[in-house]
2 protein chains.
Amino acid sequence: MRDPLSRTFAALADPTRRAMLARLSEGEANVSDLAEPFLRDMSLPAVTKHLKVLENAGLITKGRNAQWRPCQLNGEPLREAVDWMERHRIAWEDQLDRLGAYLKTKTKGTRHGHKK
Amino acid sequence: MRDPLSRTFAALADPTRRAMLARLSEGEANVSDLAEPFLRDMSLPAVTKHLKVLENAGLITKGRNAQWRPCQLNGEPLREAVDWMERHRIAWEDQLDRLGAYLKTKTKGTRHGHKK
DNA sequence: TCTATATTAAACCAAGTTGTTAATTAAATA
DNA sequence: TATTTAATTAACAACTTGGTTTAATATAGA
């Protein structure tokens, strides 16, 4: 999981982390602010670890203000992830169309076209 | 990693799998076609496993034609992933602007605003 | 029927992930 | 200075991931 794009997608592959990013998209927040919605589900060190994953993926940056660590979103890796997807999007939609057409012709019980 | 969106992002978090999707966005391909570019790096069963991950994420569907398993892209989960990202995109760009502005004001050696 | 081809399954392993609890660090404040 | 607050570190366990090799399955074709 060494390349940046993989690290970005891996960081997004967790609902807790996505929720943290969503929260951060509304503005800066300290670790404890970010942790608050999750403290019924997990411990604070677990939160710290999730934030570390986001930080390592370059998705957030942590500042410091006394004992607080104000976190900020960094949109750039997210943009690169969207870019990767957009680069293939047209092909996917073509594929969807083709699949749709295919399903329209077949769709007669023969789930796998079992050898005729 | 139970929710669909997480499974999609996790599936995307690997360069081999992304390359397979890219290949499939050009059209249907059998397992051995998809495997071919990677057989110097990994065994065929490893490829099968990657395809299983893509299949479990709903990103591809495998048909059958004699002993071949023609794989097709399924764009829908990808669209949902893009949707998630787009839902936050504007906020990210705001955040980028804010960060840019912030960096313009600070940026004087004091890497962490060490207590004044 | 025997063989070759395409693909998957099984058993295993090393490394990484995600959580825990207990201890530590650092700064603000009484 | 002692205490509280915010956050991290360390050590550990359970599970997942991504690879391996060997064996099995299914189909086509000689």
Side-chain angles (χ1 to χ4, degrees), chain A residues 1-3 6-20 23-24 28-57 59-72 111-116, chain B residues 1-3 6-21 24 28-57 59-72 111-116:
Chain A
M1 207 88 63
R2 57 227 63 73
D3 67 294
S6 296
R7 254 182 285 123
T8 300
F9 281 126
L12 291 171
D14 182 285
T16 302
R17 291 194 293 261
R18 285 198 304 278
M20 287 170 165
R23 168 67 185 75
L24 282 174
E28 194 175 277
N30 295 321
V31 172
S32 40
D33 300 329
L34 291 167
E36 190 268 322
F38 304 108
L39 292 180
R40 255 134 214 161
D41 305 311
M42 70 184 73
S43 66
L44 190 58
V47 169
T48 297
K49 285 194 183 182
H50 279 299
L51 289 173
K52 198 92 206 124
V53 172
L54 292 172
E55 204 179 4
N56 289 338
L59 287 164
I60 66 168
T61 50
K62 248 180 270 185
R64 42 193 330 171
N65 173 16
Q67 66 264 65
W68 293 273
R69 296 296 119 92
C71 302
Q72 276 194 321
R111 293 220 312 133
H112 283 133
H114 59 128
K115 60 172 181 286
K116 69 135 182 298
Chain B
M1 206 87 64
R2 58 226 62 74
D3 68 293
S6 296
R7 253 182 285 124
T8 300
F9 281 126
L12 291 171
D14 181 285
T16 302
R17 290 193 293 261
R18 286 198 303 277
M20 288 169 165
L21 292 176
L24 283 174
E28 194 176 279
N30 295 321
V31 172
S32 40
D33 301 329
L34 290 167
E36 190 269 320
F38 304 108
L39 292 181
R40 256 135 215 160
D41 304 312
M42 70 185 72
S43 66
L44 191 58
V47 169
T48 297
K49 283 196 183 182
H50 279 300
L51 289 173
K52 199 90 204 132
V53 172
L54 292 172
E55 204 179 3
N56 288 340
L59 287 164
I60 67 169
T61 51
K62 248 179 270 186
R64 41 193 331 172
N65 173 16
Q67 66 265 65
W68 293 272
R69 296 297 119 91
C71 302
Q72 276 195 320
R111 293 221 312 133
H112 284 132
H114 59 127
K115 61 176 180 285
K116 68 138 183 298

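Every chain is numbered from 1 and lettered A, B, ... according to where its sequence line falls, protein lines coming before strand lines.
Counting heavy atoms from C-beta outward, B/D3 and A/R18 have side chains that approach closer than 4.5 Å. When side chains are defined from C-beta on, B/L59 does not count as touching B/L24, because their heavy atoms never get closer than 4.5 Å.
At the heavy-atom level, A/S32 lies under 4.0 Å from the strands shown only through sugar-phosphate atoms.
For the pair B/R40 CZ and D/dT20 P, the computed distance is 15 Å after rounding to whole Å. Taking atom CG of A/L34 as the reference point, atom P of D/dA6 lies 14 Å away to the nearest angstrom. The CG atom of A/L44 sits 17 Å away from the P atom of C/dA23 (whole-angstrom rounding). For A/Q67 and D/dT8, the CD to C1' distance is 13 Å, given to the nearest whole Å. Rounded to an integer number of Å, the gap from A/F38 CZ to C/dT18 C1' is 15 Å. Summarising the geometry, the separation between CE on B/M42 and P on D/dT20 is reported as 7 Å, rounded to the nearest angstrom. Between A/L39 atom CG and D/dA6 atom P the separation is 11 Å, expressed in whole Å. Put simply, NZ on A/K62 is 12 Å from C1' on D/dA6, counting in whole angstrom units.
Set against C/dG19, C/dT7, C/dT5, the side chain of B/N30 has C/dT7 as its closest nucleotide. For A/R69, the listed nucleotide lying nearest its side chain is D/dT8; candidates were D/dA28, C/dT18, D/dT8. With D/dT5, C/dT21, D/dA26 as the candidates, the nucleotide lying closest to the side chain of A/S43 is C/dT21.
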For A/K62 and A/L51, what are the C-alpha separation, side-chain angles and deciding distance, and is it a side chain to side chain contact (heavy atoms under 4.5 Å, CB included)?
-> CA-CA 9 Å; A/K62 248 180 270 185; A/L51 289 173; 4.2 Å; yes
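Dashed line: the shortest gap from a side-chain N or O of B/R17 to OP1 or OP2 of D/dG18 is under 4.0 Å.
Defining each end axis of the helix from C/dT1-D/dA30 to C/dA30-D/dT1 as the rotation carrying four pairs' C1' atoms onto the next four, with five pairs an end, the two axes are found to diverge by 10° to 10 degrees.
Within residues 45-56 of chain B, the residues that have a heavy atom under 4.0 Å from DNA chain C are, in order of number, B/P45, B/T48, B/K49.
For the pair A/E28 and A/P70, the tightest heavy-atom approach, listed with the atom from each and the gap, is OE2-CB, 3.4 Å. Taking both residues in full, the closest heavy atoms of A/A13 and B/S6 are given as CB-O, 3.5 Å, listed atom of the first, atom of the second, then distance.
In terms of position on DNA chain C, the residue among A/N65 and A/T16 whose nearest nucleotide sits closer to the 5' end is A/T16.
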For residues 35-48 of chain A, which side-chain N or O atoms pair as donor and acceptor with protein atoms under 3.5 Å away, sequence neighbours left out?
{"from": "A/S43", "atom 1": "OG", "to": "A/A46", "atom 2": "N", "distance (Å)": "3.4"}
{"from": "A/T48", "atom 1": "OG1", "to": "A/L44", "atom 2": "O", "distance (Å)": "3.3"}

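For B/K52, the side-chain contact (heavy atoms from CB on, under 4.5 Å) partners are B/E55, B/N56, not counting sequence neighbours. Residues satisfying the side-chain contact (heavy atoms from CB on, under 4.5 Å) test with B/S32, not counting sequence neighbours, are B/N30. Scanning for salt bridge (Lys or Arg N to Asp or Glu O under 4.0 Å) contacts around B/R69 gives an empty result, with sequence neighbours left out.
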